[in-house]
Amino acid sequence: MAKGYDLTLAIENERFKELAFEGQRFYDLARTGRAPAVLGIGADQTLWPIPLREIQRNPRLAQNHGY
């Protein structure tokens, strides 16, 4: 493994411990693209829909795949 990858995992694990009950783990994993592997979920489950009011304001917005 590369040292940069080891550092990233060390930081991820430290955030996991320090922010255990803060509700940040999912967002950290989703941001780094590791949520499907770590949580055993589908990649489409890490996407959030664009709010309807935003689509109504700008009809040219595209919706996330799967919503």
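Predicted, not measured: the structure shown is a model, and the values here were computed from it.
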> Is the backbone N or O of G42 less than 3.5 Å from a side-chain atom of Q45, with the two atoms forming a donor-acceptor pair by type?
Replying inline: yes

>> On a heavy-atom basis, which atom in A35 and which in I41 lie closest, and how many Å separate them?
In response: O-CG1, 3.9 Å

>> Tell me every residue that passes side chain to side chain donor-acceptor pair (under 3.5 Å) with E18, counting only those two or more places apart in sequence or in another chain.
In response: none

Throw together a table of side-chain donor-acceptor distances under 3.5 angstrom for residues 21-28, partners on residues two or more places apart or in other chains.
from, atom 1, to, atom 2, distance (Å)
D28, OD1, R15, NH2, 3.2
D28, OD1, R31, NH1, 3.4
D28, OD1, R31, NH2, 2.9
D28, OD2, R15, NE, 2.8
D28, OD2, R15, NH2, 3.2

> In Å and rounded to the nearest 0.5 Å, what is the CG to CG distance from L9 to N13?
Replying inline: 6.5 Å

> Roughly how far, to the nearest 0.5 Å, is CD of E14 from CG of L19?
Replying inline: 9.5 Å

>> Within this structure, what is the CZ-CD1 distance for the pair R57 and I50, rounded to the nearest 0.5 Å?
In response: 13.0 Å

> Side-chain heavy atoms under 4.5 angstrom apart, residues restricted to Ile, Leu, Val, Met, Phe, Trp, Tyr: same cluster for W48 and L52?
Replying inline: no

